[in-house]
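Computed from a predicted model, the values in this text were never measured in an experiment. First listed ligand is number 1; within each ligand, the first listed atom is number 1.
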Amino acid sequence: MFTRRKFLKSTAISTLSLSAATLLPNMASFADNPQIHKNRLKIPPLNEGKIENNVRIFNLEMQNGITEFYQGIKTPTSGINGSYLAPTLKMINGEQVRLNVKNSIGETTTLHWHGFHLPAKYDGGPHQPIKNGEIWSPQFTIMQKAASFWYHPHLMGKTAEHVWHGLAGMIIVEDKESMALSLPNEYGVDDVPIVLQDRRFLSNGAITYTPTRHDIMMGMVGDVPLTNGTIEPYFVAKRQYLRLRILNGANASIYQLSFSDKRKFWQIATDGSMLEEPLETDEILLSPGERAQIVVDVSGNKNFMLQSKPYLASMMGGGGMMGSGMGGSMMGGSGNSDEYGVQFNFLEIIPAENLAKSPPLPKKLTKIDWLDSKEADKERKFLMSMKMGPAMMLGMGNTHTINGKSMDMKRIDEVIKLNSTEIWEISNDSMLPHPFHIHDVQFQILSRNGQKPSPSERGLKDTVLVHPGEKVRFIAKFKDYADDKYPYMYHCHILEHEDAGMMGQFLVVDS
Ligand code: C2O
Ligand code: CU
Ligand code: CU
């Protein structure tokens with residue numbers, strides 16, 4: 001029998017054996033607190049564009065290049081205005097932006113503004129291909145609350161490969177409210193973008209994207225963690241409070257993040273907004289596509305590590321269909337939970353000797369206009385499924401579906417009336433967790449398995465992780481932009497799953 005547990009086990013073991021050699025000695029020597037990581041964290045350049053006639057204009061070129069992840073080893077990669085990853089773009093709510101995107105990667109791709117509310121024809125999804133050598137120039141108004149977003153290619157069937165090679169960057173949006181808050185905000189000093197990924201390196205240093213069928217099923221997981229494209233990075237913190245804008249930019253890995261010394265921190269933002277108030281916590285779960293901002297007090301004269309660790313998720317809401325036997329779970333979890341996530345050391349943080357004191361955090365960060373489920377005009381249900389076993393192994397197609405359908409660019413799956421408020425219920429009857437992402441809107445989670453969402457999800461979201469057997473309900477309003485020709489996407493943000501068809505399309509129409 002082809003069970004989920006067997007899959008997870010084989011993947012976990014291969015991941016462990018690959019990383020054990022580098023991780024375990026690190027952990028052992030960490031108690032004495034010598035510096036472990038040797039590479040200074042790369043900070044993507046900040047690009048604020050330039051304003052012409054009240055439009056903030058960015059010039060972006062998607063290109064191929066060579067990156068030295070390991071000293072002296074040349075890895076062919078792709079990037080935007082550079083060889084790997086992309087500049088951090090900064091925009092302000094309410095202003096007009098134009099992004100001149102030149103494609104020089106030698107093949108067709110797209111560039112999508114993940115998390116943005118914008119006209120469908122400027123979304124940069126599968127329907128806005130940019131041929132090699134061409135320039136695409138979407139222009140739109142920023143209509144977001146302050147948060148961190150990101151941008152990446154979204155060509156049908158090619159998203160995973162293009163992102164894996166390095167095409168992705170962060171976008172910081174500020175608004176009047178956020179600019180008035182006393183939060184760490186000096187880019188690269190106490191306000192730092194943290195793009196988390198993992199990659200597999202071949203012996204010649206290449207990160208060629210060659211997923212096996214198993215990788216397509218599980219998602220492509222690497223054994224080398226990268227932070228802003230840096231291997232084994234450290235960062236010297238000069239001020240007491242360090243704000244990290246974290247993006248899970250991995251193709252498939254789920255990161256359960258915490259600090260090696262278990263120190264507490266505050267979560268201050270979700271995908272698409274600040275939290276209403278800082279949330280004190282000691283861990284945060286980010287699946288591919290999700291973002292969070294945290295503030296950590298680095299005082300204590302000791303280095304510490306931002307790490308991800310495997311975690312147990314129990315199958316709530318009667319997820320017994322997986323038939324977990326007693327004690328069957330790896331790592332000795334209870335019979336009804338399974339282990340996900342990977343073990344990585346992402347970033348060593350070194351507090352400077354003369355740490356500058358930071359002002360206290362504000363008590364209130366924002367006010368969210370909560371939508372009332374009683375005002376919903378419509379409810380829709382989405383079921384994420386995977387055909388496992390022979391169908392998958394033989395590559396029989398249609399293995400990754402939403403509501404039984406595999407993505408078809410010529411098929412519109414849902415039609416939504418402009419200005420309507422909808423509740424979407426997302427469930428997952430497969431053996432793997434899937435991060436569900438929707439374009440155009442920021443949603444509010446109403447419930448997870450009938451329970452209130454955790455405080456860490458009480459902000460605006462565009463991506464939500466749905467574990468096997470779970471049911472997540474969210475509410476969103478579809479406003480401002482209608483188009484009866486160009487659709488928006490919704491999909492699993494495990495990029496291998498998206499490319500394999502776990503995606504659908506919706507129109508927002510005015511009538
Ligand atoms: Cu981050 Cu449809 O994408
Ligand atoms: Cu998106
Ligand atoms: Cu998925």
Side-chain angles (χ1 to χ4, degrees), residues 4 7 86 109-118 120 122-128 138 144 147-160 162-164 167-171 195 197 211 215-221 247-254 271-272 286-291 340 382-388 392 399-403 406-407 409 413 426-443 460-468 470 472 476 486-506:
R4 170 170 54 162
F7 278 128
T109 189
T110 82
L111 202 53
H112 165 60
W113 322 106
H114 178 126
F116 277 69
H117 175 49
L118 41 51
Y122 298 141
D123 192 35
H127 294 274
Q128 286 84 44
Q144 308 294 145
S148 326
F149 300 83
W150 66 304
Y151 58 120
H152 62 77
H154 213 305
L155 187 69
M156 188 64 213
K158 281 281 196 173
T159 300
H162 290 166
V163 172
W164 183 266
L167 296 168
M170 190 176 280
I171 303 177
V195 180
Q197 300 175 312
D215 293 326
I216 289 168
M217 180 163 43
M218 301 299 296
M220 184 86 164
V221 172
L247 158 68
N248 182 334
N251 277 40
S253 301
I254 298 171
D271 297 335
L286 287 183
S287 64
E290 286 186 296
R291 288 89 64 210
Y340 306 105
F382 298 86
L383 173 65
M384 295 186 282
S385 306
M386 287 169 71
K387 248 185 238 145
M388 307 291 274
M392 177 68 214
T399 48
H400 296 64
T401 60
I402 298 179
N403 289 345
S406 197
M407 168 75 173
M409 287 198 40
D413 299 282
I426 319 298
S427 42
N428 173 359
D429 72 353
S430 79
M431 298 188 193
L432 290 174
H434 302 285
F436 185 92
H437 168 54
I438 175 174
H439 291 205
D440 183 41
V441 294
Q442 287 290 331
F443 56 76
L460 299 183
K461 297 277 298 162
D462 53 58
T463 306
V464 61
L465 184 60
V466 186
H467 284 100
E470 281 194 319
V472 173
Y486 288 106
Y488 298 102
M489 307 294 125
Y490 54 87
H491 57 89
C492 173
H493 219 288
I494 291 178
L495 300 179
E496 285 70 29
H497 294 176
E498 173 194 332
D499 282 343
M502 197 179 275
M503 176 154 68
Q505 320 192 84
F506 67 97

Looking at side-chain heavy atoms only, is the closest gap between R291 and D462 below 4.5 Å?
yes

Consider only side-chain N and O atoms of T463 and H493, and report whether a donor and an acceptor are under 3.5 Å apart.
no

With rounding to the nearest 0.5 angstrom, report the NZ to CD distance, K461 to Q442.
9.0 Å

Looking at atom 1 (Cu) of ligand 1, is there an N, O or S atom belonging to H493 that lies under 2.8 Å away from it?
yes

Any idea how H154 and H491 line up, ring-wise: parallel (<30°), tilted (30 to 60°), or perpendicular (>60°)?
perpendicular

Is any N, O or S atom of H437 under 2.8 Å away from atom 1 (Cu) of ligand 1?
no

Vertex atom 2 (Cu) of ligand 1: angle to NE2 of H491 and NE2 of H439, to 10°?
110°

With rounding to 10 degrees, H112 NE2, the Cu ion (ligand 2) and H437 NE2 define an angle of 170°

How many angstroms lie between atom CG of L460 and atom CZ of F443, to the nearest 0.5 angstrom?
10.0 Å

Backbone or side chain, does H154 get an N/O/S atom under 2.8 Å to atom 2 (Cu) of ligand 1?
yes

May I ask you to test the M409-H127 pair for a side-chain heavy-atom distance under 4.5 Å?
yes

For atom 1 (Cu) of ligand 1, the closest N/O/S atom belonging to H114:
ND1

Checking only N/O/S atoms, does H152 have one that is under 2.8 Å from atom 1 (Cu) of ligand 1?
yes

